[in-house]
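Structure first, then comments.
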Amino acid sequence: MAPRVRFAPSPTGWLHVGGARTALFNWLYARRHGGAFVLRIEDTDAARNTEEATRAILSGLRWLGLDWDEGPEKGGDRGPYFQSARKEIYRRYVQCLLDENKAYQEKGVVRFRLPHKVVRVADRICGTVHIDLSAEPDLTVMRADGSFIFHLVNVVDDLEMGITHVIRGEDHLSNTPKHLALYEAFGATPPVFAHIPLILNKDGSKMSKRDAGASLGEYIAKGYAPDALRNYLCLLGWSPKDNRELMALDELIARFDLDHVHRSSARFDVEKLEWMNTRHMMDMPLARFLEIARPSLGEIASSDPFYADRVLAVVKDKVKHLSDLPEQTAYFFRDDFPLDPAAVEKVLRKPGAADRLAALRARYANTMDWTSTTLETDLKALAAEMGVKPAEFIHPCRVAISGRTVGPSLYPMLEVLGKARVLARFDRARAA
RNA sequence: GACCCCAUCGGCUAGUGGUUAGGCCACCACCCUUUCACGGUGGAUGCACGGGUUCGAAUCCCGUUGGGGUCGCCA
């Protein structure tokens with residue numbers, strides 16, 4: 001039987017990275033086993049839910065590349081997928097509990113009679129866990145105002161939606177006996193439970209909603225490639241066991257398995273994410289890079305999209321964050337870019353630099369075939385003629401055309417900028 | 001506090017009774033080099049502690065400590 005898994009966020013804010021990882025694990029499990037990934041919005045708490053949060057969650061999942069087979073804006077046979085639209089179903093189940101004396105009314109609320117015994121939880125990841133419910137008070141399932149409590153709706157929906165595997169955060173492990181009791185009361189077979197470890201801050205403290213780096217939105221804004229964050233998140237609590245780390249989506253799908261999910265919580269290490277991010281951007285095809293990088297350039301690129309794409313191609317392997325792009329490529333799009341004073345002092349004012357720059361300008365003025373290979377050949381020939389190392393030309397040239405000492409590989413940069421701009425910048429640098 | 005889960009370099013992890021305890025990030029040194037990166041080589045750093053079991057424990061058992069979670073008319 002094809003598995004059916006679900007991600008059931010509550011729309012009270014941005015998608016938490018922990019939640020994003022839970023969604024990812026569920027999604028990978030579904031894709032790996034040819035099952036269905038269901039998205040259900042748990043908006044039973046009308047006071048705290050916002051439509052904005054729902055939108056943020058949907059866009060966050062889409063950004064990560066996690067598409068759902070059933071859910072909001074998609075539909076499906078087991079809907080509706082918003083709990084706020086399923087009240088009739090919950091009412092029916094509660095009535096059933098009441099009819100069978102498995103629940104009772106007290107002060108207007110409905111309480112489910114918990115079995116006061118030790119419950120055995122067979123968890124796919126944590127193994128067998130025994131939890132004693134004998135001292136546990138009965139479970140409230142419906143409020144006096146007729147609204148329903150998480151435990152009830154969560155179980156009812158998983159039941160109604162035919163969920164076969166519940167992959168969720170370990171914070172729910174202690175709640176599981178209660179859920180199991182509910183399944184039993186409904187005469188239903190419970191799904192397989194798999195509780196995944198939680199994500200901690202770098203210092204080992206728990207990552208709560210308000211901590212820096214807790215919201216997926218921060219990573220989107222900062223300009224991480226979804227490919228990289230997905231890869232990183234996947235490795236937090238799961239390991240392919242053979243030291244493989246940089247993996248594209250298809251490999252992740254092919255290899256992900258619940259068997260290799262850890263029991264211990266993991267700390268979020270942004271530095272490793274940074275590394276993974278640059279590596280992913282270097283490794284990905286240019287077309288994919290352009291797709292994710294173009295939005296970061298925004299208005300800057302609008303006047304000449306073709307030129308902007310060529311610029312992006314040149315800086316692709318040097319980018320740390322997509323959000324750095326406007327600043328990092330500024331000199332490609334404007335001629336009045338600032339010249340770094342330290343670079344001017346160190347490189348342009350260096351004895352002989354001005355002469356070499358002038359010579360290079362004269363040489364490039366005659367370069368007809370303005371391509372990186374020819375530009376390289378010409379520069380090296382000139383250096384040989386003057387009896388100095390190419391570096392003596394390269395460094396002043398870089399500062400002259402970009403204003404900085406660091407940047408992309410020189411010749412492709414010259415090619416993209418074009419002859420007119422390059423010569424003009426040589427003149428400007430000489431005047432500086 | 002009670003109950004539950006967890007414990008290998010600074011971080012993420014491999015490791016399931018016998019290994020010089022491996023890999024990646026970060027760090028240090030060197031190499032490569034047109035800058036910065038990338039890449040390459042080498043280095044430093046680890047089995048939380050205490051008891052057992054065993055010829056032999058990172059690996060199995062118990063305890064301690066530490067971290068996390070759950071105990072709602074939040075989800």
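- B:rC36 atom P lies 15 Å from atom CD of A:Q328, rounded to whole Å.
- Taking a pair to require two hydrogen-bonding distances under 3.5 Å in either a Watson-Crick or a G-U wobble arrangement, B:rA48 pairs with B:rU64.
- Within 4.0 Å (heavy atoms only), A:L235 reaches sugar-phosphate atoms of the nucleic acid but no base atom.
- In this structure, A:H151 and A:P137 both approach RNA chain B, and ranking their closest nucleotides by distance from the 5' end singles out A:P137.
- Listed nucleotides B:rC5, B:rG11, B:rU35 differ in distance to A:D269; the shortest reach to its side chain belongs to B:rG11.
- Between the CG atom of A:D43 and the P atom of B:rA75 there is a distance of 10 Å, rounded to whole Å.
- Ionic pairing of A:R267 and A:D203 is not present here: no N-O contact between side-chain nitrogen and carboxylate oxygen is shorter than 4.0 angstrom.
- Nucleic acid contact class of A:G237 (heavy atoms, under 4.0 Å, all strands): sugar-phosphate only.
- Within the nucleic acid shown, A:R263 comes within 4.0 Å of sugar-phosphate atoms alone, with no base atom in reach, counting heavy atoms only.
- Using a 4.0 Å heavy-atom cutoff across all strands shown, A:H130 reaches sugar-phosphate atoms only and no base atom.
- Residue-level contact check: A:P9 touches neither bases nor backbone, having no heavy atom under 4.0 Å from any strand.
- Across the C1' atoms, B:rC28 and B:rG10 are found 14 Å apart, a figure rounded to whole Å.
- For the pair A:E327 and A:K320, the salt-bridge criterion is not met [side-chain N within less than 4.0 Å of a carboxylate O].
- Nucleotide B:rC38 holds its P atom 13 Å from the CE atom of A:M281, rounded to whole Å.
- Ion pairing of A:K206 with A:D211 is absent here, as no side-chain N (NZ or NE/NH1/NH2) approaches a carboxylate O to less than 4.0 Å.
- At the heavy-atom level, A:S10 lies under 4.0 Å from the strands shown only through sugar-phosphate atoms.
- Going from the C1' atom of B:rA57 to that of B:rG52 covers 12 Å, rounded to whole Å.
- Ranking B:rC36, B:rA14, B:rC4 by closeness to the A:V406 side chain, first place goes to B:rC36.
- Look at CD on A:E245: it is 13 Å from C1' on B:rA26, rounded to the nearest Å.
- A salt bridge links A:K272 with A:E245; the closest basic N to acidic carboxylate O contact falls under 4.0 Å.
- The pair A:R255-A:E251 meets the salt-bridge criterion, with a side-chain N (NZ, NE, NH1 or NH2) lying under 4.0 Å from an Asp/Glu carboxylate O.
- In this structure, A:I199 atom CD1 and B:rC6 atom C1' are separated by 16 Å, rounded to whole Å.
- No contact: A:R40 has no heavy atom under 4.0 Å from any strand.
- Using C1' as the reference atom, B:rA58 and B:rC9 are 13 Å apart when rounded to the nearest Å.
- Contact annotation: side chain of A:N243 to base of B:rG22, donor-acceptor pair present below 3.5 Å.
- At the heavy-atom level, A:V129 lies under 4.0 Å from the strands shown only through sugar-phosphate atoms.
- If you check every strand for non-hydrogen atoms under 4.0 Å, A:H195 touches nothing.
- Close to B:rU35, at under 4.0 Å from its OP1 or OP2, lies no side-chain N or O of A:T405.
- Candidate nucleotides B:rC5, B:rU34, B:rG69 were compared by shortest atom distance to the side chain of A:H395, and B:rU34 ranks first.
- Rounded to whole angstrom, the span from the CZ atom of A:F193 across to the P atom of B:rG69 amounts to 21 Å.
- Side-chain proximity of A:A266 to the nucleotides B:rC71, B:rG10, B:rU13 is greatest for B:rU13.
- Base-pair partner of B:rG39: B:rC31 (Watson-Crick or G-U wobble, both distances under 3.5 Å).
- For the P atoms, the distance from B:rA14 to B:rU59 is 16 Å, rounded to whole Å.
- With a cut-off of 3.5 Å on both pairing distances, the Watson-Crick or G-U wobble partner of B:rA2 is B:rU70.
- Between the P atoms of B:rU54 and B:rG66, the separation comes to 31 Å (whole Å).
- The residue A:R48 sits close to a base: some heavy atom pair falls under 4.0 Å.
- Look at CZ on A:F150: it is 11 Å from P on B:rU70, rounded to the nearest Å.
- Distance check on atom P: B:rC62 versus B:rG43 gives 39 Å, rounded to whole Å.
- Which of B:rG69, B:rU34, B:rC12 sits closest to the side chain of A:Y411 comes down to B:rU34.
- Here, B:rC61 and B:rC5 have their P atoms 13 Å apart, quoted to the whole Å.
- When each of B:rG23, B:rG69, B:rA14 is scored by its nearest atom to the side-chain atoms of A:K272, the top-ranked nucleotide is B:rG23.
- Checked against B:rA26, B:rG11, B:rA75, the side chain of A:R267 finds its nearest nucleotide in B:rG11.
- Atom CD1 in A:I196 sits roughly 15 Å away from atom P in B:rC6 (whole-Å rounding).
- Along RNA chain B, the nucleotide nearest A:S147 and the nucleotide nearest A:H260 are compared for position; the residue whose nucleotide lies closer to the 5' end is A:H260.
- Residue A:G204 is in sugar-phosphate contact alone, with no base atom involved, counting any heavy-atom pair closer than 4.0 Å across all strands shown.
- With a cut-off of 3.5 Å on both pairing distances, B:rA21 has no Watson-Crick or G-U wobble partner at all.
- Heavy atoms of A:N175 sit under 4.0 angstrom from at least one base atom.
- In this structure, A:K206 reaches the B:rG69 phosphate: one of its side-chain N or O atoms is under 4.0 Å from OP1 or OP2.
- When the nucleotides B:rG69, B:rU34, B:rC25 are ranked by their closest atom to the side chain of A:L198, B:rG69 comes out on top.
- A:F337 carries A:R428 over the face of its six-membered ring, with the cationic atom under 6.0 Å from the centre and within 45° of the normal.
- Ring centroid separation for the pair A:F256 and A:F25 comes in under the 6.0 Å cut-off.
- Across the P atoms, B:rC32 and B:rG40 are found 16 Å apart, a figure rounded to whole Å.
- Proximity note for A:L200 (side chain, C-beta onward) versus B:rC12, B:rC25, B:rG68: the nearest is B:rG68.
- Counting non-hydrogen atoms under 4.0 angstrom, A:E274 reaches nothing in the nucleic acid.
- Put simply, A:K241 has a side-chain N or O that comes within less than 4.0 Å of OP1 or OP2 on B:rG15.
- For the pair A:T278 and B:rA37, the criterion of a side-chain N or O lying under 4.0 Å from OP1 or OP2 is not met.
- Between A:R361 and the options A:D355, A:D378, A:D427, a salt bridge (Lys or Arg N to Asp or Glu O under 4.0 Å) holds for only A:D427.
- Among the heavy atoms of the strands lying under 4.0 Å from A:T44 are primed sugar atoms or P, OP1, OP2 only; no base atom is included.
- Across B:rC5, B:rC71, B:rG11, the shortest atom-to-atom separation from the side chain of A:K178 is found for B:rC71.
- Summarising the geometry of A:P197 relative to A:H262, their closest heavy-atom pair is CD-O, 3.2 Å, with the distance given to 0.1 Å.
- Note on A:E385 versus A:R363: salt bridge recorded, some NZ/NE/NH1/NH2 to OD/OE distance being below 4.0 Å.
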